[in-house]
Amino acid sequence: MAEHDLHAMRHSAAHIMAAAVQELHPDAKFDIGPATDEGFYYDFDMAHRLGPEDLKAIERAMKKMIGRRLPFERREMTREEAQAFFAARGQSYKLERLADIPAGETISVYQCGDFADLCRGPHVGHTGEVGSVKLLTVAGSYFRGDERNPMLQRIYGTAFPSPAELADHLRRIEEARKRDHRRLGSELELFSTHEAIGPGLICWHPAGARVRHVIETFWRDAHYANGYELLYTPHLGRATLWQTSGHLEFYREAMYSAMQVDEQDYYVKPMNCPFHIQVYQNRPRSYRELPLRWAELGTVYRYEKGGVLHGLMRVRGFTQDDAHIICTPGQIEDEICEVLRFSLFLWDAFGFREVKAYLATRPPKAVGEPERWEQALASLQHAVRRAGLDCEVDEGGGAFYGPKIDLKIKDAIGRQWQTTTIQFDFNLPERFDMTYIGPDGRRHRPYMVHRALLGSLERFFGILVEHYGGAFPTWLAPEQVRVLPISEPFLDYARAVAGTLRAAGVRVSADTEADTIGAKIRRARNQRLPYMLVVGEREAASGEVSVRSRAGEEGSVSLDAFLARVRAEIEARG
RNA sequence: GCCCACGUAGCUCAGUCGGUAGAGCGCGUCCUUGGUAAGGACGAGGUCACCGGUUCGAAUCCGGUCGUGGGCUCCA
């Protein structure tokens, strides 16, 4: 089915749902009910609070309507007729939506059964053309998405041409649920949160910490190898610092309240930049030492509203893979190109091959000289072009302090994640009066660029877990190899094999439980281990190991041969 | 923050009409010593998230708190 036909069908399904709601709850007021990529929704306002039980009744009423093959009838109205029409029905949200329609545009109403809706269309001919529908969830939603507006009730549903396609979609939802990082995080003992500690605050367990350590080590080495220096800065800073930076003025609601130290206010950091700037300000800087590229795995704390917290994806304490690039105007373009190239290198290393760029330009209210915005934007555009990236432009979507470029990566099941952000900042250099001495002996204002490539380690780890479904590639796996002795007489050989591998830097253990070999294999597979080495009488006698990878049995090789293979794989980040 | 739902053993979940709590997995002990996805027996483990109310009696009903989940313009 063509995209627009599917869209029309789902939009029609939304109308049918609204009609069913009107029938069951005559006092309902209607807002809007569009089709989405995955299905459709409709927003209602009514006295009755919808719960899961209501969905069944509404779905039944919808199916009845679908069976009756009721026509969708289009009527065009003048603005005045439409106003009178919806006013007579007490549909106040519709009147507001009507007022949004620009003058001169055609106003149409679609009627289906007893339900009439302000709607541009198009729709299917009659309700019988809507295939298999299923209502999924009920949720709250502010009118126009603004929390100052009344809270409406939203029902999400989906529709497909055939029952088989609907079943397939539900299966995909189930697949995504299986690789949910929260589920895998607890199954594989990667991380946890605790009521006693507080929401949005993550504890990394040994297995998760191992993976994080590998990521961090790779990240640090890569930064040193690519011209960065690393910084460590404190978690707290005086109120005066945050006044100078402007955070207390513009970012306060996301900061935790002050704590008093020696009768002075200190704040836990929501960002690392003011600290990096202090390091810069430590002495006068010459143009000869620019560009400076200073990176830090900086742990920051931000207040996020309770309702938006989500596993590792949205948390209150997290570690950014932050860096600040301070350079001269002449250096800026090469620097941006280099950041993009470096970012793509990291994504490739972690197994993400599809990356898309999103460029955000100057908003109406902005700080900084127009020439600087121009140059910044040009350097971003050139960099994107040189990197050969697909790019979408969001005109006026930049922050007030500078333009930015974000990268989105696509994971193994096609979902996009916003990760890398590269942002110019024309604000902080001014606020802190950052300067460098140029060849002319005068003070000049440097460019400053913030960039986080992975984003935050917590969120990136969550994405990584879902991307691989918990089955990390060998170089990242918390435990790379497990030695499985067939029975007790071979425990010593198993320990010796594990010892050899461990001495060679492999993350390995020996399963010395008194279980059958089948049970040991099952356990290791459930923990998504890349390699199992089965050892018994034959292997102990020959000094070999029987290799079992995720693909299955691979036969026996000498321990040396296996070690060489695993080392090569780890080296190649496979 | 707001709307809706959920919170029972470490995990996944059952628990009828209000009458003092159950399974599987996991964990412990013992038996079994095995050849590529679960060997067997026995046992321990619960302030039913927390606080309050209704009741002779609350996991169950009501209110509050905390936590978790789905969602909060893919623009008629």
Side-chain angles (χ1 to χ4, degrees), chain A residues 7 10-11 14-15 30-41 43-45 48-55 77 82 86 91 93-102 105-110 117-121 136-156 177 180 182-183 186-187 189 192-200 253 303-311 484-491 513-527 532-539 546-549 552-556:
Chain A
H7 197 270
R10 287 173 173 167
H11 188 186
H15 276 232
F30 299 87
D31 183 24
I32 54 169
T36 67
D37 288 347
E38 302 266 279
F40 61 86
Y41 66 83
D43 286 346
F44 313 96
D45 191 7
H48 177 71
R49 299 282 110 184
L50 292 168
E53 288 306 308
D54 295 297
L55 293 189
M77 293 187 181
F86 288 107
Q91 293 296 337
Y93 299 104
K94 288 294 172 192
L95 290 172
E96 289 202 44
R97 295 292 184 178
L98 182 61
D100 290 343
I101 302 176
E105 221 170 278
T106 311
I107 291 166
S108 57
V109 169
Y110 275 82
D117 201 358
L118 176 68
C119 180
R120 178 165 42 206
L136 299 171
T137 53
V138 49
S141 142
Y142 294 103
F143 180 57
R144 296 187 199 279
D146 188 330
E147 63 185 23
R148 289 166 302 196
N149 285 337
M151 171 71 67
L152 306 177
Q153 302 187 69
R154 171 175 297 181
I155 299 175
Y156 279 94
R177 203 177 70 81
D180 187 309
R182 294 163 301 184
R183 178 193 181 90
S186 112
E187 261 175 39
E189 293 193 73
S192 61
T193 58
H194 301 267
E195 193 166 339
I197 295 173
E253 65 287 358
Y303 173 75
E304 298 279 0
K305 291 176 180 181
V308 308
L309 297 176
H310 180 90
L484 311 181
I486 295 282
S487 61
E488 206 174 336
F490 314 108
L491 290 186
E513 296 295 313
D515 286 315
T516 59
I517 192 65
K520 291 178 186 183
I521 288 166
R522 182 183 153 80
R523 185 157 51 231
R525 283 193 62 97
N526 286 341
Q527 292 172 11
M532 293 163 238
L533 301 180
V534 176
V535 296
E537 194 171 2
R538 293 197 293 272
E539 291 77 12
S546 171
V547 179
R548 190 185 173 104
S549 71
E553 281 184 71
E554 300 194 358
S556 291

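Proteins get letters first, then strands, A, B, ... in listed order; numbering begins at 1 in each.
Of the candidates C72(B), G69(B), U36(B), U36(B) carries the atom nearest the Ser546(A) side chain, counting heavy atoms from C-beta on. Nearest to the side chain of Val308(A), among A37(B), U33(B), G1(B), sits G1(B). Of the candidates G70(B), C2(B), G35(B), the closest approach to any side-chain atom of Ala139(A) belongs to G70(B).
Remark: U65(B) base-pairs with A49(B). Criterion, Watson-Crick or G-U wobble with two distances under 3.5 Å. In this structure C75(B) sits in no base pair that meets the Watson-Crick or G-U test at under 3.5 Å. In this structure U60(B) sits in no base pair that meets the Watson-Crick or G-U test at under 3.5 Å. Of the nucleotides present, none pairs with C17(B) by Watson-Crick or G-U wobble criteria with both distances under 3.5 Å. In this structure, G28(B) and C42(B) make a Watson-Crick or G-U wobble pair, each of the two defining distances being under 3.5 angstrom. Remark: U54(B) base-pairs with no nucleotide in the shown strands. Criterion, Watson-Crick or G-U wobble with two distances under 3.5 Å.
A close approach under 4.0 Å does occur between a side-chain nitrogen or oxygen of Thr516(A) and OP1 or OP2 of G39(B). For the OP1/OP2 pair of G1(B) and a distance below 4.0 Å, the side-chain nitrogens and oxygens of Tyr303(A) include at least one atom meeting the criterion. When the side-chain nitrogen and oxygen atoms of Arg548(A) are compared with OP1 and OP2 of A37(B), one or more of them lie within a distance under 4.0 Å. Between His310(A) and the phosphate of U68(B), there is no side-chain N or O to OP1/OP2 separation shorter than 4.0 Å.
When heavy atoms are screened at a 4.0 angstrom cut-off, Gly306(A) is found touching base atoms of the nucleic acid. Nucleic acid contact class of Glu187(A) (heavy atoms, under 4.0 Å, all strands): none. Residue Tyr156(A) is classed as a sugar-phosphate contact, given heavy-atom separations below 4.0 Å to backbone atoms only. Using a 4.0 Å heavy-atom cutoff across all strands shown, Leu152(A) reaches no nucleic acid atom at all. Nucleic acid contact for Glu105(A): base, since at least one base atom lies under 4.0 Å from a heavy atom of the residue. Heavy atoms of Ile517(A) sit under 4.0 angstrom from primed sugar atoms or phosphate atoms, though from no base atom. Residue contacts for Glu553(A): at a heavy-atom cut-off of 4.0 Å it reaches a base atom on one of the strands shown. Across all strands shown, Val109(A) has no heavy atoms under 4.0 Å from either base or sugar-phosphate atoms. Note on Ala35(A): only backbone sugar-phosphate atoms sit closer than 4.0 angstrom, heavy atoms only; bases stay farther off. When heavy atoms are screened at a 4.0 angstrom cut-off, Lys520(A) is found touching no nucleic acid atom at all.
Annotation: G10(B) and G26(B) have their C1' atoms spaced 7 Å apart (nearest Å). Going from the P atom of U65(B) to that of C2(B) covers 9 Å, rounded to whole Å. Look at the P atom in both U16(B) and U55(B): the space between them is 23 Å, to the nearest Å. Nucleotides C13(B) and U8(B) place their C1' atoms 9 Å apart, quoted to the nearest Å. A distance of about 14 Å separates the P atoms of C62(B) and C4(B), rounded to the whole Å. For the C1' atom pair drawn from A9(B) and C25(B), the interatomic distance equals 12 Å after rounding to whole Å. Using atom C1' as the reference point in both A23(B) and G15(B), the two lie 11 Å apart (nearest Å). As rounded to the nearest Å, G22(B) and C6(B) have P atoms that lie 25 Å from one another.
Residues Cys119(A) and His11(A) share a closest heavy-atom pair of SG-CE1, 3.3 Å. Closest non-hydrogen pair, Pro199(A) versus Leu309(A), comes out as CB-CD1, 3.7 Å.
For CD of Glu38(A), the number of neighbouring non-hydrogen atoms (other residues, nucleotides, ligands) closer than 6.0 Å is 12 at most. Within a 6.0 Å sphere centred on CD of Glu537(A), other residues, nucleotides and ligands contribute 12 heavy atoms or fewer.
Using cut-offs of 30° and 60° for the angle between ring planes, the Tyr156(A) and Tyr41(A) rings count as tilted.
One can place CG of Asp43(A) at 10 Å from C1' of G71(B), the figure rounded to the nearest angstrom. Counting to the nearest Å, the C1' atom of A76(B) and the CZ atom of Phe86(A) are 9 Å from each other. Following rounding to the nearest Å, His194(A) (NE2) and C66(B) (P) show an atom-to-atom distance of 20 Å. Regarding Phe40(A), its CZ atom lies at a distance of 19 Å from the P atom of U73(B), rounded to whole Å. In this entry the distance linking CZ of Arg49(A) with P of C2(B) reads 14 Å, nearest Å. Rounded to whole Å, atom P of U73(B) lies 10 Å from atom OH of Tyr142(A). To the nearest angstrom, P of C25(B) lies 17 Å from CD of Gln527(A). Between Ile486(A) atom CD1 and U32(B) atom C1' the separation is 16 Å, expressed in whole Å.
A donor-acceptor contact under 3.5 angstrom links the side-chain atoms of Arg522(A) to the base of A38(B). Below the 3.5 angstrom threshold, one finds a donor paired with an acceptor across the side chain of Glu539(A) and the base of G35(B).
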